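Report on the following structure.
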2 protein chains.
Amino acid sequence: MIRSEDRPVCHRSSPGHHCEGCSVRPLAVCGALGPGELERLSRVSSSQRIAAGSCLIEEGEPAECVFTVLEGILKLYKLMPDGRRQVTGFLIPGDFVGLAFGESYIYTAEAVVEGAACRFTRNQFHRMMEEFPALEGRLLSKVSTELAAAQEQMLLLGRKTARERLATFLLGLARRMNRSAGEQVRLPMGRADIADFLGLTVETVSRTFTAMRKAGYLSTVDKHGVVITDLDRLREAAGD
Amino acid sequence: MIRSEDRPVCHRSSPGHHCEGCSVRPLAVCGALGPGELERLSRVSSSQRIAAGSCLIEEGEPAECVFTVLEGILKLYKLMPDGRRQVTGFLIPGDFVGLAFGESYIYTAEAVVEGAACRFTRNQFHRMMEEFPALEGRLLSKVSTELAAAQEQMLLLGRKTARERLATFLLGLARRMNRSAGEQVRLPMGRADIADFLGLTVETVSRTFTAMRKAGYLSTVDKHGVVITDLDRLREAAGD
DNA sequence: CATTGGTGTTGATCTGGGTCAATGCGGCCA
DNA sequence: TGGCCGCATTGACCCAGATCAACACCAATG
């Protein structure tokens, strides 16, 4: 296991950037704002690169900032004292990070691949929400979507078999990445991350991939590429 | 298993009620509003009783209304086609029900014991939120809290042992009901509901209760009462 | 080009919790 | 007062997935 002192550190860049030209804005909470408001937003935000394997925020640390993912993939996870880990989700550009009701972050957000995020202090973001209720509305909608996904994941973790879990995961990923059957789905995360997301071990994930390959549901390209070759049967294997 | 056609039906009462006098308001989203605004709210809401075992909303049904729990306990759950069930949470007075981004409810809300709820149509509630952003703020805060609880539950379902799950559940319940060690915690739900919440079977829940009783962590009063007799060891058993 | 370390796969074995089945135990109604 | 009926508990056995161990496959490094 990688401990925090082994991980690369986030590089913090200067705030000289422009929200108007931001390509993820339509996807993000900031999509709620008009041109004049974006000017205000630009002044209170700053972008930063995130090296692969580095943590944007860490569970238990004081929650001072919130972020919008600009680029890359992040994984969110919680740890138990003995090292058991549960990945609670993967974030893609446009997603919001850092919601913490209380003083501290309740999960760690670690970059799976190199990326970037847009940072606000919680205070400034709060002020922006008070000033522009549309921002709060967008955030509510984002958080609600996340809650729905979390409930779906509880069903997966509480009641699905290993095969159903992996099938559900792959279908969800394909849908989220707008891939249809036949197209390649990229899995930027490693087997350990998938296992910790699905509540399984790496061995079981690996065996289940092999079983699905043999059953003809899918083929794997290299260790990060999957092609769904029989969508119906994969759907059936997902069980719901 | 109880199918919907066997269940009692919700009784719908008239809208003649007053938000000002509402005892759960301080806990609920409506706590955001002032006296004049409550007058408006009274006009678009109506209260209804919920018989034990009846469903306030059902997974897959068109999502027309949202609710605040006034009284009683509800369980939220999702079903798989073959009947496997995951309880995603229990609601107490002040909690909000019915968030559904999309056309349909994504879970069923069923009364564990007889209770009551305050109903709004989604449209009217939306209009109220646009008019009074503070309402949206309170809802965001409620939903964020629920999301945090859902992430905690993912850790439980994905990574904890049966003993850890039950210990975590009991500690959470005691905290939520403001009970300290030595006081009785009431479990209005049956073993099947607990099992479906913790991703276990009734047999395992029962065996784990027995093991904890024998180990001296707790004693059971009747089948719905639990007294935590050794808080430290129960905390230790929760593992985190 | 050999070496090493990180990641994935496969095999053998073990076990926590599931499954199946019997029994206990009130509460309720006739 | 006895006979259900709906839970909860307990016991015996089983199995999906965990654990432990070996090995394969690069990519990076000297």
Side-chain angles (χ1 to χ4, degrees), chain A residues 1-3 6-8 52-53 75 80 82-86 112-113 156-167 169 186-214 218-226 237 239, chain B residues 1-3 6-8 52-53 75 80 82-86 112-113 156-167 169 186-214 218-226 237 239:
Chain A
M1 170 158 312
I2 300 175
R3 266 169 306 281
D6 305 327
R7 290 201 207 90
K75 60 189 176 199
M80 290 177 67
D82 63 3
R84 278 177 284 174
R85 190 175 72 144
Q86 180 64 40
V112 173
V113 295
L156 179 147
L157 293 170
R159 291 301 180 213
K160 292 191 174 180
T161 65
R163 159 175 303 206
E164 289 168 338
R165 291 179 200 208
L166 189 58
F169 171 66
R186 291 256 101 201
L187 309 175
M189 67 292 293
R191 296 291 186 261
D193 291 336
I194 297 174
D196 284 344
F197 183 55
L198 300 180
L200 301 169
T201 59
V202 282
E203 292 94 331
T204 299
V205 170
S206 181
R207 278 186 248 274
T208 308
F209 265 118
T210 304
M212 285 182 169
R213 223 182 301 116
K214 282 181 181 162
L218 52 82
S219 59
T220 50
V221 177
D222 52 55
K223 53 188 181 182
H224 291 289
V226 170
Chain B
M1 169 160 314
I2 298 175
R3 267 170 305 281
D6 305 327
R7 289 202 208 90
K75 60 189 176 200
M80 290 178 66
D82 64 3
R84 277 176 286 173
R85 189 176 73 143
Q86 180 64 39
V112 173
V113 294
L156 180 148
L157 293 169
R159 291 300 180 213
K160 291 191 176 182
T161 65
R163 157 176 305 209
E164 289 167 339
R165 291 179 199 208
L166 189 57
F169 171 65
R186 292 255 100 201
L187 311 174
M189 66 294 290
R191 297 290 186 262
D193 292 336
I194 298 173
D196 284 345
F197 182 55
L198 300 180
L200 301 169
T201 59
V202 282
E203 292 93 332
T204 299
V205 170
S206 183
R207 278 186 249 273
T208 308
F209 264 119
T210 303
M212 285 182 170
R213 224 182 300 116
K214 283 183 180 162
L218 52 82
S219 59
T220 50
V221 176
D222 52 52
K223 52 190 183 186
H224 291 290
V226 171

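Owing to the predicted nature of the structure, the values given are computational and were not obtained by experimental measurement. Letters A, B, ... mirror the listed sequences (proteins, then strands); counts begin at 1. These numbers come from the heavy atoms of this one structure, side chains and all, not from hydrogens, waters or symmetry mates.
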message: Tell me whether the side-chain N/O atoms of A:Thr210 come closer than 4.0 Å to OP1 or OP2 in C:dT10.
response: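 For A:Thr210, the contact criterion (side-chain N or O under 4.0 Å from OP1 or OP2 of C:dT10) is met.
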- prompt: For B:Ser206, what residues pass the side chain to side chain contact (heavy atoms under 4.5 Å, CB included) criterion, not counting sequence neighbours?
  reply: none
- request: State which residues pass side chain to side chain contact (heavy atoms under 4.5 Å, CB included) with A:Thr210; sequence neighbours excluded, sorted by chain then number.
  value: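 In terms of side chain to side chain contact (heavy atoms under 4.5 Å, CB included), with neighbours along the sequence ignored, A:Thr210 is linked to A:Arg213, A:Lys214.
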- request: Give, for atom OG1 of A:Thr208 and atom CZ of A:Phe169, the distance between the pair rounded to the nearest 0.5 Å.
  value: 12.5 Å
- prompt: Say you draw a straight line from CG of B:Leu166 to CD1 of B:Ile194; how long is it, rounded to the nearest 0.5 Å?
  reply: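 Reported to 0.5 Å precision, the distance equals 7.0 Å.
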In whole angstrom, what separates [X]'s [atom1] from [N]'s [atom2]?
| X | N | atom1 | atom2 | value |
| --- | --- | --- | --- | --- |
| B:Ile194 | C:dG17 | CD1 | P | 17 Å |
| A:Met189 | C:dT7 | CE | C1' | 15 Å |
| B:Glu164 | C:dG16 | CD | P | 13 Å |
| B:Arg84 | C:dT19 | CZ | C1' | 14 Å |
| A:His224 | C:dG8 | NE2 | P | 6 Å |
| A:Arg213 | C:dT9 | CZ | C1' | 9 Å |
| B:Lys223 | D:dC7 | NZ | P | 8 Å |
| B:Phe209 | C:dG17 | CZ | P | 15 Å |

Between [X] and [Y], which heavy-atom pair has the shortest distance, and what is it?
| X | Y | result |
| --- | --- | --- |
| A:Phe197 | A:Leu157 | O-CD2, 3.7 Å |
| A:Met212 | A:Arg163 | CE-O, 3.4 Å |
| A:Val112 | A:Pro188 | CG1-O, 3.5 Å |
| A:Ala237 | A:Ala167 | C-CB, 3.9 Å |

Atom pairs under 3.5 Å, N or O on each side, protein against nucleotides 26-29 of chain D: can you list them with distances?
none

Where protein sits on nucleotides 13-20 of chain D, one letter per nucleotide: B base, S sugar-phosphate only, - none, heavy atoms under 4.0 Å: ----SSBB
message: Any side-chain to backbone donor/acceptor pair from A:Arg165 onto A:Lys160? Under 3.5 Å, distance only.
response: yes
query: Distance-only, no hydrogens or angles: does the B:His224 side chain make a donor-acceptor pair with backbone N or O of B:Leu187 under 3.5 Å?
result: yes
query: How would you list all residue pairs meeting salt bridge (charged side-chain N to carboxylate O under 4.0 Å, His left out) that involve residues 196-205 of chain B, not counting sequence neighbours?
result: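 Only A:Arg159-B:Asp196, B:Arg85-B:Asp196 qualify under salt bridge (charged side-chain N to carboxylate O under 4.0 Å, His left out).
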message: Can you give me the bend angle of the helix from C:dC1-D:dG30 to C:dA30-D:dT1? Use the axis through the first five pairs and the one through the last five, nearest 10 degrees.
response: 20°
